[in-house]
Amino acid sequence: GVSATDTANQKETALKIYNYINKNIQWNDGYGIGFRNDIASILKNKSGNSGELNKLMVAALNQAGITAFPVLISTRDHGKPLELYPFLDQFNHLVTLASIDGKDVWIDLGDKHRPLGMMQTESLNSRGWLVDQADPVWVDIPAIESKSVFLIKGSLDAEGQLNGTLEARFTGYHAVAYRQAAEEEKEKFGQELIMNGPLPVKISEQEFVNKDDPAAALQFKGKIMNEAIATATPDKLYLNPVFPNGLDEIPFKLAERTYPIEMNYSSD
């Protein structure tokens, strides 16, 4: 085989492997640390648990001349790992940490909407145990910043109706979620994009950019027509200019909090 050092670009090689496994080996929705089945049977069955898919990734990268290690982690549901001693029972998932073009890249297979280098949100759980015979070590699990930007241009008429255009751009985990929604909701997509609750805004002439390229930012364009979003009185229009309305109420309702509030990634 050709080693990655002979090819033009390690990232290209890693991406081909990542796409191949994601396309051809089905994640069975189960978590595991990949010990049950060997690589030949995972390839033959075309299916595997989370650890088996990532074990395949580690093996394929190493075969291609790219340094990669398995990292044992405990998913958020499974609880934080105890770092005093890395006993095996506390781990229920395995991910890949590779060195690609001199950079650390975290890889977690099982979802075609997630690009190479982005782990599933369940995996974002503080630290993992890097499995290396020579130098096993605890490593910090990084989270990718996720951002949604909305630009609405339009005019309000005397009745409080909005006509105009919407442009939106999503990155990180927001892009993953909206790609999934665009695929699953199809006709309904966009109705709750800028206002949820009893007054959804319909967006017509919808257009996506980079819909099928998870590595790029997802862009969305559409038209807003005759949407009543302001309250009209004889001499004034009352408009809530906050789009999209994210939180209607505070979601943290415990009277007494014994654990810190922790979000798995930052949102902007």
Side-chain angles (χ1 to χ4, degrees), residues 4 7-29 42-43 46-50 52-54 56-57 60-61 64 66 68 95-96 98 100-101 103 105-124 142-152 165-194 196 200-224 244 264-268:
T7 63
N9 186 337
Q10 285 192 335
K11 188 158 188 194
E12 224 168 275
T13 306
L15 196 56
K16 277 181 187 161
I17 298 168
Y18 179 79
N19 289 338
Y20 177 84
I21 298 173
N22 253 345
K23 206 169 156 186
N24 294 288
I25 316 289
Q26 181 75 33
W27 179 35
N28 63 18
D29 290 336
I42 301 165
L43 286 167
K46 294 196 173 351
S47 164
N49 67 29
S50 63
E52 287 165 347
L53 263 62
N54 286 305
L56 202 55
M57 187 78 201
L61 287 172
I66 297 170
V95 297
T96 304
I100 298 171
D101 296 331
K103 291 193 187 102
V105 177
W106 289 79
I107 303 165
D108 192 2
L109 280 133
D111 181 0
K112 63 178 179 179
H113 296 295
R114 240 187 11 255
L116 178 82
M118 184 189 284
M119 297 206 289
Q120 57 177 307
T121 52
E122 263 303 305
S123 298
L124 304 176
I144 289 169
E145 190 191 38
S146 303
K147 197 171 188 178
S148 297
V149 179
F150 295 88
L151 176 66
I152 298 169
T165 59
L166 163 75
E167 287 181 41
R169 188 174 187 274
F170 310 109
T171 58
Y173 290 103
H174 293 188
V176 175
Y178 282 118
R179 273 193 178 92
Q180 219 162 349
E183 191 175 280
E184 286 166 13
E185 293 173 6
K186 288 194 176 79
E187 288 80 38
K188 269 178 62 189
F189 183 82
Q191 283 193 27
E192 299 202 341
L193 200 61
I194 58 168
N196 48 33
V201 168
K202 282 197 182 72
I203 296 163
S204 56
E205 293 177 42
Q206 297 184 12
E207 190 189 321
F208 288 95
V209 182
N210 302 327
K211 190 179 177 183
D212 300 319
D213 180 8
L218 176 66
Q219 292 171 55
F220 174 77
K221 295 173 185 167
K223 283 196 172 161
I224 299 167
N264 35 16
Y265 58 87
S266 64
S267 280
D268 192 355

From [X] [atom1] over to [Y] [atom2], what is the distance, rounded to the nearest 0.5 angstrom?
X      : Y      : atom1 : atom2 : result
Leu43  : Leu56  : CG    : CG    : 5.0 Å
Tyr178 : Phe170 : OH    : CZ    : 5.0 Å
Leu193 : Phe220 : CG    : CZ    : 5.5 Å
Met57  : Ile21  : CE    : CD1   : 5.5 Å
Lys223 : Ser204 : NZ    : OG    : 7.5 Å

For this session: Mind listing the closest non-hydrogen atom pair of Tyr265 and Ala143 along with its distance?
Result: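 Closest heavy-atom pair between Tyr265 and Ala143: CB-CB, 4.0 Å.
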
For this session: Could you pull out the closest heavy-atom pair between Arg114 and Val176, with the gap in Å?
Result: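 Closest approach of Arg114 to Val176, heavy atoms only: CG-CG2, 3.8 Å.
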
Problem set entry | Verdict with reasoning, Leu151 to Val149, per side chain to side chain contact (heavy atoms under 4.5 Å, CB included) | CA-CA 7 Å; Leu151 176 66; Val149 179; 5.8 Å; no

Exercise. Is the count of non-hydrogen atoms from other residues, nucleotides or ligands lying under 6.0 Å from Gln26 atom CD greater than 12?
Worked result: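 12 or below, so no.
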
For this session: Evaluate the side-chain proximity of Asn210 to Arg179: yes if any heavy-atom separation is below 4.5 Å, no if none is.
Result: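 Side chain of Arg179 against side chain of Asn210, heavy atoms only: contact under 4.5 Å found.
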
For this session: Would you mind reporting whether Leu166 and Phe150 have side-chain heavy atoms less than 4.5 Å apart?
Result: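 Side-chain contact under 4.5 Å: yes.
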
Exercise. Just by modelled atom types, is the Ala217 backbone N or O under 3.5 Å from a matching donor or acceptor in the Thr171 side chain?
Worked result: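 No; judged by distance alone, with no hydrogens or angles, the pair does not exist.
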
